[in-house]
Every structure is written in C-alpha cells, then in structure tokens.
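Inspection log for the structure reproduced underneath, given as structure tokens.
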Amino acid sequence: MADRRPILFFDSGVGGLSVLAPTARLLPQAPLVYVADSAGFPYGTRSEAEIAARVLALLGRLAERYDPRLIVIACNTASTIALQHVRAALDVPIVGTVPAIKPAAELSRTRVIGVLGTEATVRQPYVDDLAARFAADCVVLRHGSAELVEMAEAALAGDRPSVEAVRVALRGLTGQERGDAIDVIVNACTHFPLLEEELVAATGGAIRFVDGGPGIARRVAHLTEGQAWPEAPVPGRAVFTARNARTERLAPALARFGLVEVETL
C-alpha cells in the first residue's frame with residue numbers, strides 16, 4: 001500500500017526551499033510539507049536557549065500533526081543549536097543542515113574560504129569544529145548577515161535586491177583581512193542560495209558559492225530508500241506559524257516549489 005506520510009522541512013523562513021527543491025527532484029513522488037516559523041523569524045538574532053526551546057517545541061507539535069516519515073531541519077542556525085535536542089526527544093529520523101565547510105576546503109585554491117551565515121550560526125562551536133576537522137590548512141573567515149536573510153525573503157516574494165545592495169552586504173566578509181583572497185564562500189544559511197544570481201554578480205563570478213542542499217537531498221533519498229510512496233504526486237503543503245502580508249505575497253513562489261496548499265499551525 002502507498003505510504004502518504006510526508007517528508008517535513010522546517011526553517012525559520014523560506015530559506016529551506018533551497019533544500020526542498022533538490023529533494024523534490026530526487027523524490028518526485030514524495031509528499032512534502034514545508035514549515036516556516038514566520039512567528040519566530042528571524043532566528044539569527046535570537047539567543048541559543050530561545051532557539052533550542054522554540055525549535056524543539058514546534059517540531060514536537062508538527063510531528064504529532066503531520067506524522068512525518070522524516071524531518072529535515074532546513075536551517076543552519078536551528079541545526080547547529082537544536083539538532084541534538086530534537087533527535088533525543090523525537091522518535092522520527094532527523095536530518096540537519098550544517099555549513100558545507102568540507103567541500104569548500106576541497107575546492108579552494110587560495111586556502112582562504114568564507115562562511116556566510118546568520119550571526120547565530122557563525123558564532124557556534126560547531127562551526128569551529130568543522131573548520132578544525134576539514135579546513136585546518138585554510139584561513140576561515142566568517143560573517144553573519146541579517147540583511148541578506150531579509151533580501152532573500154523579499155526576493156522570493158518578487159522584490160529582488162540590487163547587485164550593489166548584495167555587494168555592500170558581502171563587505172562584512174570580503175572586507176576582512178585576507179578577505180580579498182577568498183575563492184570559495186559557504187552559504188551557511190539556506191536563504192542565501194535563493195540569491196545565487198545576485199551573489200555571483202556581486203563578486204564578478206570570481207568566487208564559488210557552495211551549500212548543503214544537494215547533499216541533504218541525497219541523504220534523504222538514502223534514508224528513505226525502499227519506502228513506499230503514493231502512486232501519483234501529492235500536492236505539497238506550506239505551513240506558517242503566523243500569517244501576515246509577507247507570507248500572503250509568497251503564494252505564487254510557493255506554488256513554483258509544488259506547495260499549493262497553505263495553512264497556519
């Protein structure tokens with residue numbers, strides 16, 4: 001019999017769509033539920049304790065409501081802070097999102113890489129550990145940008161930022177000592193691949209940007225290998241923890257990702 005349990009994606013906003021998209025390409029029959037914690041957005045400026053408690057409580061409610069076969073925490077900030085707590089509390093496979101420092105180090109020729117995320121993500125000891133394990137011979141520069149997160153949210157709603165605005169936001173990273181030698185930047189926030197066109201233009205195509213979306217999609221496919229899926233595609237569902245003018249403007253973009261049903265938690 002077909003198993004209609006969904007894969008559930010969770011993020012503070014719409015950034016996790018950059019993880020949902022490659023997963024949907026690999027698993028076109030999979031029912032998908034995408035949850036944006038719009039009532040708590042943005043996470044990057046919140047404390048670790050607040051994020052950990054909020055994510056755990058919300059995912060507990062979501063697991064009861066949607067009975068997912070697997071949960072993807074499609075948010076670097078939530079993953080680096082709350083992943084272990086969620087795995088300990090829920091009897092559901094959990095896939096997290098962590099900065100792609102290892103592939104960035106493998107690609108870098110200058111041995112100077114950038115980690116571009118939220119303020120909360122770039123200060124985490126988890127990032128220190130990844131840098132020490134996989135980029136010990138690199139200079140790893142970090143920058144947290146709330147501005148780029150806001151730009152990505154607006155871009156998905158149809159208000160794309162100027163290349164100059166993105167260039168200015170990047171100066172917090174490229175303007176650091178050795179920043180002019182960066183040849184690879186880790187998109188350590190799932191929002192930032194939504195600005196790929198502007199990021200490439202702002203850096204003149206001289207810097208490569210890497211993110212964890214495709215790798216997460218492969219991990220989800222591996223963990224669900226051999227499971228039953230509905231015979232026909234099931235319309236995807238977007239869930240917001242609060243509805244407002246911003247979320248209403250997202251409906252056309254959500255539909256492009258296959259999320260045609262929208263509801264509030």
Side-chain angles (χ1 to χ4, degrees), residues 1-43 54-79 82 86 89-97 152-158 190-191 193-194 212-214 216-217 219-221 223-224 227-265:
M1 294 181 62
D3 185 346
R4 297 178 67 88
R5 289 179 303 151
I7 299 170
L8 188 146
F9 295 79
F10 176 85
D11 186 24
S12 62
V14 298
L17 294 171
S18 68
V19 178
L20 179 145
T23 305
R25 287 193 290 270
L26 280 183
L27 300 169
Q29 301 299 105
L32 304 176
V33 172
Y34 184 85
V35 182
D37 183 14
S38 46
F41 176 86
Y43 279 4
R54 185 173 185 88
V55 171
L56 180 57
L58 281 172
L59 286 177
R61 289 176 60 193
L62 291 164
E64 290 183 4
R65 180 164 176 171
Y66 296 105
D67 187 26
R69 68 180 74 204
L70 181 146
I71 292 173
V72 180
I73 302 180
C75 172
N76 285 271
T77 302
S79 293
V86 174
L90 299 184
D91 189 23
V92 180
I94 310 290
V95 175
T97 306
E153 290 272 325
L156 198 68
T190 54
H191 279 78
L194 301 177
I216 295 167
R219 179 63 177 162
V220 172
L223 290 173
T224 58
Q227 294 185 12
W229 303 101
E231 294 181 2
V234 176
R237 179 177 301 173
V239 182
F240 294 99
T241 54
R243 299 282 283 276
N244 51 44
R246 183 204 295 260
T247 61
E248 297 308 311
R249 291 178 59 209
L250 290 172
L254 294 172
R256 294 198 297 272
F257 285 86
L259 305 173
V260 297
E261 299 178 2
V262 181
E263 60 188 59
T264 307
L265 180 65

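None of these values were measured; they are calculated from a predicted model.
Listed by first and then second residue, the salt bridge (Lys or Arg N to Asp or Glu O under 4.0 Å) pairs involving residues 10-23 amount to none (not counting sequence neighbours). Residue pairs that meet the side chain to side chain donor-acceptor pair (under 3.5 Å) test with at least one member in residues 21-37, sequence neighbours left out, are Asp37-Tyr43, Asp37-Arg54, Asp37-Thr241.
Within the model, atoms CD1 of Ile73 and OG of Ser12 stand 12.0 Å from one another, a figure rounded to the nearest 0.5 Å. Going from atom CG of Asp67 over to atom CG of Asp3 covers 8.5 Å, rounded to the nearest 0.5 Å. The CG atom of Leu32 sits 8.5 Å away from atom CG of Leu27, with the distance rounded to the nearest 0.5 Å. Arg61 CZ to Leu265 CG: the interatomic distance, rounded to the nearest 0.5 Å, is 4.0 Å. One distance of note links CG of Leu90 with CG of Leu56; it measures 6.5 Å at 0.5 Å rounding. A distance of 7.5 Å separates CD1 of Ile216 from OG of Ser79, quoted to the nearest 0.5 Å.
Among all heavy-atom pairs drawn from Pro235 and Val260, the shortest one is CB-CG2, 3.4 Å. Of all non-hydrogen atoms in Val55 and Ala78, the two that sit nearest each other are CG2-CB, 3.9 Å. The two residues Ala242 and Ser38 have their closest heavy-atom pair at O-OG, 2.5 Å. Residues Gly13 and Ala36 share a closest heavy-atom pair of O-CB, 3.4 Å. Shown here for Ala221 and Leu26, the closest heavy-atom pair between the two residues is CB-CD1, 4.2 Å.
Counting only heavy atoms from C-beta outward, the side chains of Val33 and Leu62 never approach each other to under 4.5 Å. In this structure the side chain of Thr247 never reaches within 4.5 angstrom of the side chain of Thr264, judged on heavy atoms. Contact annotation: the side chain of Phe257 approaches that of Leu156 to within less than 4.5 Å [non-hydrogen atoms, C-beta and beyond].
Thr97 pairs by the side-chain hydrogen bond (donor to acceptor under 3.5 Å, both in side chains) definition with nothing, not counting sequence neighbours. For Asp91, the side chain to side chain contact (heavy atoms under 4.5 Å, CB included) test picks out no residue, with sequence neighbours left out. Partners of Glu263 according to the salt bridge (Lys or Arg N to Asp or Glu O under 4.0 Å) rule, which considers only residues two or more places apart in sequence or in another chain, are Arg65, Arg237. For Pro93, the side chain to side chain contact (heavy atoms under 4.5 Å, CB included) criterion is met by Leu70, not counting sequence neighbours. Partners of Val262 under the side chain to side chain contact (heavy atoms under 4.5 Å, CB included) rule, at least two apart in sequence or in another chain, are Ala238, Phe240, Arg243, Leu254. Applying the side chain to side chain contact (heavy atoms under 4.5 Å, CB included) test to Ala57 and every residue at least two apart in sequence or in another chain returns nothing. With sequence neighbours left out, Arg246 forms a salt bridge (Lys or Arg N to Asp or Glu O under 4.0 Å) with Glu150, Glu153.
For Arg249, the CZ atom is loosely surrounded, since the number of other residues' heavy atoms within 6.0 Å does not exceed 12.
A donor-acceptor pair under 3.5 Å is formed between the side chain of Ser18 and the backbone N or O of Thr190.
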